[in-house]
2 protein chains.
Amino acid sequence: MGNADLTEQEYLASYNVHAFDVPLTSVDLVIFTVREQALHVLLVRRGAHPAKGQWALPGGFIDIRNDPDLDGTALRKLREKTGVTAPYLEQLQGFGSSTRDPRGWSATFAYFALIGSSHIALQHGAGADAASWHPVGAAGVDLDLAFDHGVILATAVQRLRNKVEYTSLPAHLLAPEFTLSDLQRVYEIVLGRPIDKSAFRKRVKEGDFLEEITGKQRHGSNRPAQLYRIRSGQPTVFFSRTMGA
Amino acid sequence: MGNADLTEQEYLASYNVHAFDVPLTSVDLVIFTVREQALHVLLVRRGAHPAKGQWALPGGFIDIRNDPDLDGTALRKLREKTGVTAPYLEQLQGFGSSTRDPRGWSATFAYFALIGSSHIALQHGAGADAASWHPVGAAGVDLDLAFDHGVILATAVQRLRNKVEYTSLPAHLLAPEFTLSDLQRVYEIVLGRPIDKSAFRKRVKEGDFLEEITGKQRHGSNRPAQLYRIRSGQPTVFFSRTMGA
DNA sequence: CAAATAGTGTCTGTAAGACACTATCAG
DNA sequence: CTGATAGTGTCTTACAGACACTATTTG
């Protein structure tokens with residue numbers, strides 16, 4: 001090991017990251033929303049090499065001078081692309097190999113964000129990369145994505161579909177105020193199949209992660225619907241069973 | 001951006017990783033087994049700076065010349081420490097911040113391995129680091145671990161306990177041949193509470209991830225027990241509901 | 001025979017799915 | 001009134017948990 005005789009101070013003073021061959025390390029985001037009755041993912045068209053001109057997940061390198069931690073990098077990227085600051089964000093999975101980036105061995109921490117489409121003000125012009133929403137089909141998007149981003153997206157879609165089965169997570173895909181019918185529609189869109197209304201409502205009420213906005217209802221040419229919001233400070237609720245088969 | 005006029009070839013030829021401040025990137029392993037009626041985790045005593053002399057999770061840097069991908073790094077580390085080559089291995093989560101390692105901004109891909117204790121031949125002597133098993137209590141181990149390894153271990157324990165509730169995962173903590181009672185005992189050890197025998201057996205049989213070793217039984221001073229093995233090629237089975245409350 | 005563990009059968013409560021029912025608005 | 005969507009009640013079925021029962025060995 002060669003540092004046997006040093007104190008920790010002496011060791012650290014002599015340590016130089018650049019003396020080693022290290023992998024490139026980045027953070028990429030899979031940002032989902034629901035709009036126009038379909039699940040969408042945010043993609044950027046790359047304005048610079050490598051993979052110039054191809055569609056890719058938003059992301060980039062860790063800024064070791066300013067980012068306190070990985071979540072900080074992810075939040076910064078999210079803010080840069082969407083202007084949103086406090087959505088649902090969780091780490092998805094790491095992807096790393098010698099072949100996924102032509103610049104060399106590279107690894108990425110993929111994140112997974114859900115935002116309500118009303119929140120979004122896409123950032124244009126400033127960067128060279130144009131961001132836009134793309135509908136997500138069975139296992140991904142109808143495009144060849146840069147690097148291994150197709151695989152990352154497919155993993156994220158699978159994780160989302162899986163979690164939707166037994167968690168309250170889809171509530172984050174809606175605007176802050178919504179009806180139970182809105183919420184059910186989002187579940188159905190993400191799962192791709194209908195859900196029984198009665199069973200759905202029983203479970204949501206029992207999960208107790210929503211609160212009525214007392215006195216507020218949405219009116220239409222029918223019976224008005226109670227509006228709800230996510231109970232503040234409430235993290236994801238896990239249901240005791242899966243959503244109706 | 002600055003590469004607008006280059007071809008991708010020209011850009012890559014001019015690219016130099018060392019021109020940037022990059023984080024240190026490593027892979028750490030949380031290796032679990034069950035022995036002596038308790039869950040244990042493998043720890044190493046660090047023989048080199050930093051955190052010299054402290055207990056830590058086994059792990060290390062990515063070898064970009066030889067490791068094909070992150071799983072490759074994890075498998076290599078696992079082999080170096082335990083001699084085991086094909087156990088259960090899954091990625092846990094990434095951890096990265098400016099403060100977790102005194103050498104600077106660092107990130108790690110934490111992995112999560114399960115092995116049967118009969119498999120293990122701990123590697124001694126070769127390295128400066130001594131590896132040994134430590135019992136795992138409610139949320140971790142009775143030691144101050146190096147870096148943020150205490151947090152990583154706690155996360156891994158939580159994930160294990162959670163997955164045990166509804167998956168066939170604990171089967172990988174046993175020797176290759178085992179009885180249903182053995183398997184139930186492992187579930188009980190990891191969960192820290194008893195499980196009803198009848199319900200347990202119904203679910204395991206229904207999950208259909210085991211096969212009888214026909215004609216083989218374990219004998220004692222009682223009725224002999226049928227031996228089982230994990231059905232080959234069978235990945236983790238998800239039960240439709242949690243193990244007995 | 002007793003002791004010990006393996007393995008099964010039966011009952012019951014809970015909760016999800018199916019589906020029909022009622023409620024409340026606009027026009 | 002009709003049409004539309006919101007919201008509820010009832011019945012049935014599936015299944016997990018409790019627990020008692022039977023089975024098969026050693027000594």
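Each chain gets a letter, A, B and so on, in the order the sequences are listed, and its residues count up from 1. Computed over heavy atoms, backbone and side chain alike; hydrogens, waters and symmetry mates excluded. Please read all numbers here as calculations on a predicted model, not as lab measurements.
One can place CD1 of B:I195 at 15 Å from C1' of D:dA18, the figure rounded to the nearest angstrom. As a whole-Å value, the separation of B:R201 CZ from D:dG17 C1' is 16 Å. One can place NZ of A:K197 at 18 Å from P of C:dA16, the figure rounded to the nearest angstrom. Summarising the geometry, the separation between CD on B:Q184 and P on D:dG17 is reported as 12 Å, rounded to the nearest angstrom. Atom-to-atom, CZ of A:F178 to P of D:dG7 comes out at 13 Å; the value is rounded to the nearest Å. Atom CZ of A:R185 and atom C1' of D:dA4 are 12 Å apart (whole Å).
Residue B:S181 places none of its side-chain N or O atoms closer than 4.0 Å to OP1 or OP2 of C:dT5.
Every pair passing salt bridge (Lys or Arg N to Asp or Glu O under 4.0 Å) that includes a residue from residues 131-150 of chain B is listed here, sequence neighbours excluded: B:R100-B:D148.
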Taking only nitrogen or oxygen atoms into account, show me every contact under 3.5 Å that the protein makes with nucleotides 9-14 of chain D, one pair per line with its distance.
from  : atom 1 : to     : atom 2 : distance (Å)
D:dG9 : O6     : A:S198 : OG     : 2.5

Polar-atom pairs under 3.5 Å, protein N or O versus N or O of nucleotides 23-27 of chain C: list them with distances, or write none.
from   : atom 1 : to     : atom 2 : distance (Å)
C:dA23 : O4'    : A:R223 : NH1    : 3.2
C:dA23 : N3     : A:R223 : NH1    : 3.3
C:dT24 : O2     : A:R223 : N      : 2.9
C:dC25 : O2     : A:N222 : N      : 3.2

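Ring pair A:Y166/B:Y166 is tilted by interplanar angle, where 30° to 60° counts as tilted.
Judged purely by atom type and a 3.5 angstrom limit, B:R218 has no side-chain atom pairing as donor or acceptor with the backbone of B:T179.
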